Amino acid sequence: MLQVEQLHQYYGGSHILRGLSFEATVGEVTCLLGRNGVGKTTLLKCLMGLVPAKEGKVSWEGKAITASRPHQRVQAGIAYVPQGREIFPRLTVEENLLMGLSRFSAKEAKEVPGFIYELFPVLLEMKHRRGGDLSGGQQQQLAIGRALASRPRLLILDEPTEGIQPSVIKEIGAVIRKLAARGDMSILLVEQFYDFAAELADQYLVMARGEIVQQGRGADMEAEGVRGLVAI
Ligand SMILES: Nc1ncnc2c1ncn2[C@@H]1O[C@H](COP(=O)(O)OP(=O)(O)O)[C@@H](O)[C@H]1O
Ligand SMILES: [Mg+2]
C-alpha cells in the first residue's frame, strides 16, 4: 500500500501541496482527478523523489520512503510514466525499453522481457525504429512499456491519454485493466479525461488547491458528481 500523509510542497513562495493525504491499495486502480494547475504532477514528482517533500510522509509497503532518492524508489518497485511521455527520441524502441531495465543486473537486463511486447504488440513491430519517429500514441505505449520493464509493484501514470487518438486510448485502457486484474500491482492514474478515469477507477480522488477535496469508490463517481468537479 502507498500511504501519503500531510504532504506539503512549495515552488518558491507558492504553496502547491497543502497537507495532502491519501492511500492507494494493491490490486486497485486509484484515479486522481483535478483541473489544470492544482498540483497533480507536483504530487507525482514528490512520490518519485524528483522534488523533495518539504513536510509530510510517504510510505510504500510499510516503509517510509520520504527521503529516498528516485533510483531507490525504482529499486523499491515504483515506476513512473511522466506527463508528456519523455521517451528518448534518438534511441530505438528496443533501446528505450532496455533503459527501463536499469534496476536489474547486466545479466537480467540483456533483453526486453516478452510480456512487454505481448501487452503492446506495436512495440515489437517498431522495435528498430527511433522513438522520435513513433506517433504520440505509440510513444505513450513505449513510455508505459519502459516503466513496466522494471516490474513495478506501484505504477504511476501522469495523464496517459493527453493528446492521444481514441483508438490508442482504448488500447492503453485495456492494458491498465489487464495489469489491475493481476491483483499484485497498485496503479495510481492521474487523469483529466473523466470517462477514461471513471471506466478504470476502483478508487477516485479529486484534487483542488493542493488537497484531496473528495474521494470515494470508482463505481460511485457519477452519482457523487465527480464529472462536474473536474469538467474543464
Ligand atoms: N518547476 C516549477 N516551478 C514553479 N512553479 C511550478 C513548477 N511546476 C509547476 N509549477 C506550478 O505549480 C502549480 C501546479 O502545477 P502542476 O503540479 O504541474 O499541476 P497539474 O499537474 O495539476 O496541472 C501550477 O500553478 C504550476 O504553474
Ligand atoms: Mg500535470
Side-chain angles (χ1 to χ4, degrees), residues 2-24 29-58 60 65-66 68-70 73-74 78-87 136-137 139-144 146-147 152 154-165 168-169 172-173 176 186-201 203-216 218 221 224-232:
L2 173 72
Q3 290 169 299
V4 177
E5 292 165 64
Q6 287 296 316
L7 207 61
H8 287 269
Q9 181 57 45
Y10 303 77
Y11 283 128
S14 24
H15 198 173
I16 306 292
L17 303 179
R18 300 164 174 253
L20 185 143
S21 304
F22 71 91
E23 292 181 349
V29 179
T30 298
C31 280
L32 174 71
L33 299 105
R35 293 195 169 99
N36 258 331
V38 297
K40 302 182 299 295
T41 296
T42 303
L43 167 64
L44 299 191
K45 287 184 176 170
C46 271
L47 297 180
M48 256 351 262
L50 296 165
V51 297
K54 267 275 159 26
E55 224 180 282
K57 187 174 170 190
V58 180
W60 167 239
I65 56 164
T66 324
S68 305
R69 306 294 304 155
R73 301 189 198 215
V74 174
I78 305 177
Y80 173 51
V81 182
Q83 187 167 16
R85 312 183 271 276
E86 296 181 24
I87 55 136
Q139 288 186 15
Q140 186 61 267
Q141 294 176 87
L142 176 56
I144 297 171
R146 184 182 59 187
L154 170 60
L155 177 66
I156 299 175
L157 303 129
D158 197 351
E159 300 204 31
T161 67
E162 195 182 24
I164 297 210
Q165 65 190 70
V168 180
I169 290 180
I172 291 173
I176 293 174
S186 179
I187 300 174
L188 177 59
L189 171 66
V190 165
E191 256 309 328
Q192 291 212 61
F193 179 11
Y194 175 87
D195 290 329
F196 185 77
E199 219 175 282
L200 291 168
Q203 180 191 206
Y204 79 83
L205 309 165
V206 179
M207 190 169 165
R209 301 174 304 277
E211 285 177 90
I212 303 299
V213 294
Q214 185 172 321
Q215 58 186 297
M221 278 174 71
E224 292 175 1
V226 177
R227 189 188 287 274
L229 285 175
V230 298
I232 302 163

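All values derive from a computational prediction rather than experimental measurement. Each ligand, and each atom within it, is numbered from 1 in the order the structure gives.
Side chain of Thr66 to backbone of Val58: a donor-acceptor contact under 3.5 angstrom is found. Side chain of Lys40 to backbone of Leu32: no donor-acceptor contact under 3.5 angstrom is found.
In this structure, atom 27 (O) of ligand 1 has its sub-4.0 angstrom surroundings free of protein heavy atoms.
Ligand 1 has no nitrogen or oxygen under 3.5 angstrom from a nitrogen or oxygen of Ile16. For Thr42, a nitrogen or oxygen atom sits less than 3.5 Å from a nitrogen or oxygen atom of ligand 1, counting backbone and side chain alike.
Side-chain atoms of Thr161 and Ile172, non-hydrogen and from C-beta on, never get closer than 4.5 Å to each other.
The OG1 atom of Thr41 and the OE1 atom of Gln83 meet at the Mg ion (ligand 2) at an angle of about 80°, given to 10°.
Residue Asn36: no N/O/S atom is found under 2.8 Å from the Mg ion (ligand 2). Checking Thr42 against the Mg ion (ligand 2), every N/O/S atom stays at or beyond the 2.8 Å cut-off.
Applying the salt bridge (charged side-chain N to carboxylate O under 4.0 Å, His left out) test to every pair with at least one member in residues 191-201, sequence neighbours left out, gives these pairs: Arg177-Glu199, Asp195-Arg227.
The distance from atom CD1 of Ile187 to atom CD1 of Ile156, rounded to the nearest 0.5 Å, is 11.5 Å. To the nearest 0.5 angstrom, Glu86 atom CD is 12.5 Å from Leu142 atom CG. Between the CD atom of Gln140 and the CD atom of Glu162 there is a distance of 9.0 Å, given to the nearest 0.5 Å.
Closest to atom 18 (O) of ligand 1 among all protein heavy atoms lies Thr41 CB, 3.7 Å. Shortest contact from atom 23 (O) of ligand 1 to any protein heavy atom: Gly37 N, 2.7 Å. Of the protein's heavy atoms, Gly39 N, 3.2 Å lies nearest to atom 19 (O) of ligand 1. From the protein, the heavy atom lying nearest to atom 7 (C) of ligand 1 is Tyr11 CE1, 3.3 Å.
The Asn36 neighbourhood of ligand 1 comprises atoms 23 (O), with distances under 4.0 Å to a heavy atom of that residue.
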Assess whether side-chain hydrogen bond (donor to acceptor under 3.5 Å, both in side chains) is satisfied between Thr41 and Gln83, documenting all intermediate values. CA-CA 8 Å; Thr41 296; Gln83 187 167 16; 2.7 Å; yes
